[in-house]
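Lettering follows sequence order; numbering is per chain, from 1. Bear in mind that the values here come from a model prediction, so they are computed numbers and not experimental data.
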Number of protein chains: 2
Amino acid sequence: MDQTTTAPLRRDIAEQVTARVLDGRLPAEARINEVRLAAELKVSRTPLREALVELTDRGLLVAEPRRGFRVPPLNLDEARKLYPLVGELEALALRWSSPQDLLGLVEPLERQIDAMRAALDDGRGLADLDDRWHALLLSACGNAHLMRIIAQTKPLLKRYDVLYFGGPDRARRSIDEHRDILAAVRDGDLNQAARRLVQNWVNGAAYLGQDRRPSGR
Amino acid sequence: MDQTTTAPLRRDIAEQVTARVLDGRLPAEARINEVRLAAELKVSRTPLREALVELTDRGLLVAEPRRGFRVPPLNLDEARKLYPLVGELEALALRWSSPQDLLGLVEPLERQIDAMRAALDDGRGLADLDDRWHALLLSACGNAHLMRIIAQTKPLLKRYDVLYFGGPDRARRSIDEHRDILAAVRDGDLNQAARRLVQNWVNGAAYLGQDRRPSGR
DNA sequence: GCGCTATATTCTGAATACAGAAACCATATT
DNA sequence: AATATGGTTTCTGTATTCAGAATATAGCGC
């Protein structure tokens with residue numbers, strides 16, 4: 001069977017650096033000190049730099065000529081463009097999915113929605129469930145390059161995602177949107193489903209502008 | 001202009017390696033010998049590897065766990081998915097362009113089409129003009145991430161593009177399609193223009209099936 | 001002669017070393 | 001006191017070195 005294929009070190013590192021950018025351990029605007037970060041991650045600079053180059057190519061970091069890597073500033077304007085972008089990319093993936101395979105996904109997708117309803121108050125858990133739901137929905141798309149692009153683009157958006165944490169009202173609405181998307185899938189109307197999927201992301205962007213309310217309740 | 005800003009070496013290297021993949025000096029299936037390639041490019045392995053990591057992340061190369069980097073095989077099925085993908089990405093960029101800015105582009109785009117008509121027999125020059133036309137058409141799109149994705153995806157397709165080189169008949173048809181796209185832009189009907197843009201790419205894919213032998217022996 | 005195993009070589013992946021640019025700091029000068 | 005300036009230190013970008021896996025080669029047994 002499959003032996004333990006040693007993944008290249010840069011893969012792990014890229015994931016860890018991504019996590020640090022998303023959770024703010026590497027905050028916006030921060031310059032990255034390669035030696036210190038390498039020490040923290042217990043690796044040498046070489047694979048770390050390879051990971052940083054990867055992330056820079058995806059837009060999660062920026063490289064300034066002789067000044068190294070930096071976490072780009074948070075930019076509401078950029079965020080407002082990213083949400084529709086991910087929406088359209090996912091919509092494309094959905095339209096290009098195999099309709100039969102999609103029908104097989106209806107039931108697990110339904111169950112996931114139930115799970116989300118049960119986790120209305122757990123912001124982080126809900127975000128995870130949301131991610132998995134979208135991933136599952138798009139798992140029937142055979143366009144590998146599109147899927148790669150989506151996977152590489154979503155972290156850019158996640159950086160803003162964590163900011164708003166819509167709260168239960170937003171969560172409820174999003175769950176309803178998921179239900180409607182799923183209904184269109186069940187009907188075999190992929191175009192309708194795709195439109196609703198875009199709308200789901202666009203609606204997510206709408207929550208960016210307003211002040212971030214602490215999730216107290 | 002600011003010329004003193006030394007671009008990182010990996011940028012040059014990535015471009016040179018891309019060129020070698022596209023023109024076949026690094027043929028499909030070829031494994032990349034890092035020391036040899038570094039010697040040929042007169043650089044050390046470190047920035048070369050950084051460039052290879054970049055290109056792998058874009059899908060132009062593949063990395064096998066402990067066997068290094070490889071040029072992925074040509075895959076007609078992949079190509080047939082890449083053309084519509086680039087088409088949809090460009091269509092998106094067009095729909096998101098500033099209508100006013102687009103109107104300002106109509107005249108230069110018209111001139112470029114004339115230049116293409118004059119270069120009907122020069123396959124390589126024509127391909128260049130085509131590239132520039134599309135780049136110009138999308139230059140009014142302000143979505144930086146989408147533009148980056150497009151720029152990173154097109155080389156994947158170029159690998160197949162050079163194979164067919166449709167000939168003057170295909171060229172003539174493509175030029176007509178460009179004219180029709182431009183007409184829709186002139187009318188301010190971006191959706192129509194976007195649809196025609198997708199079709200232009202899809203038609204490009206149609207020329208792939210022809211004279212390319214598969215591997216089965 | 002053919003196949004298998006042991007050994008040598010090659011190559012990648014990672015660590016370390018080095019050179020030059022940028023940032024920092026302290027001092028001196030107006 | 002504020003600012004310019006020279007020197008020092010830090011950090012990046014690149015080169016080189018090292019270790020271990022993968023592949024090729026030669027030797028050995030059958």
Side-chain angles (χ1 to χ4, degrees), chain A residues 1-21 25-73, chain B residues 1-21 25-73:
Chain A
M1 288 322 212
D2 188 322
Q3 70 290 9
T4 52
T5 22
T6 348
L9 194 45
R10 62 172 173 276
R11 189 80 54 227
D12 290 335
I13 299 178
E15 281 173 24
Q16 294 197 56
V17 173
T18 300
R20 284 178 182 233
V21 171
R25 298 206 298 281
L26 284 174
E29 309 272 6
R31 291 238 289 277
I32 288 179
N33 183 325
E34 297 180 6
V35 285
R36 192 171 56 206
L37 185 52
E40 286 181 24
L41 298 177
K42 304 272 208 295
V43 296
S44 83
R45 274 184 61 209
T46 305
L48 169 60
R49 277 183 59 87
E50 291 181 353
L52 297 180
V53 166
E54 257 192 35
L55 297 181
T56 299
D57 208 49
R58 299 179 186 183
L60 192 71
L61 299 175
V62 292
E64 292 171 350
R66 287 235 163 226
R67 304 182 47 181
F69 299 91
R70 202 167 55 85
V71 183
Chain B
M1 289 283 274
D2 191 349
Q3 289 164 321
T4 53
T5 27
T6 21
L9 194 45
R10 61 174 175 276
R11 189 81 55 231
D12 290 335
I13 298 178
E15 281 172 25
Q16 294 196 56
V17 173
T18 300
R20 284 178 183 234
V21 171
R25 298 207 298 279
L26 284 174
E29 309 273 5
R31 293 243 294 273
I32 288 178
N33 184 325
E34 298 178 5
V35 285
R36 193 171 57 207
L37 185 52
E40 286 180 24
L41 298 177
K42 304 272 206 295
V43 295
S44 84
R45 275 183 61 208
T46 306
L48 170 60
R49 277 183 59 86
E50 291 183 352
L52 296 180
V53 166
E54 256 193 35
L55 298 181
T56 299
D57 208 49
R58 300 179 185 184
L60 193 70
L61 299 174
V62 293
E64 292 171 350
R66 293 225 170 236
R67 303 180 50 178
F69 299 90
R70 201 165 56 84
V71 183

Exercise. How does each nucleotide of nucleotides 9-17 of chain C score, in 5' to 3' order, for protein heavy atoms under 4.0 Å: base (B), sugar-phosphate only (S), or none (-)?
Worked result: --SBBSBBB
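- In terms of the side chain to side chain donor-acceptor pair (under 3.5 Å) criterion, A:Glu15 has no residue partners (sequence neighbours excluded).
- Applying the side chain to side chain donor-acceptor pair (under 3.5 Å) test to A:Arg66 and every residue at least two apart in sequence or in another chain returns nothing.
- With sequence neighbours left out, the side chain to side chain donor-acceptor pair (under 3.5 Å) criterion links B:Glu34 to B:Arg45, B:Arg49.
- Applying the side chain to side chain donor-acceptor pair (under 3.5 Å) criterion to A:Arg70, with sequence neighbours excluded, gives A:Glu29, A:Glu64.
- Along DNA chain D, the stretch of nucleotides lying under 4.0 Å from any heavy atom of chain B spans, 5' to 3', D:dT14 to D:dT23.
- Remark: A:Thr46 pairs with A:Ser44, A:Glu50 by the side-chain contact (heavy atoms from CB on, under 4.5 Å) rule, at least two apart or across chains.
- When the salt bridge (Lys or Arg N to Asp or Glu O under 4.0 Å) test is applied to B:Arg31, no partner is found at least two apart in sequence or on another chain.
- Residues passing the side-chain contact (heavy atoms from CB on, under 4.5 Å) test with B:Ala28 are B:Leu74, B:Arg159, sequence neighbours excluded.
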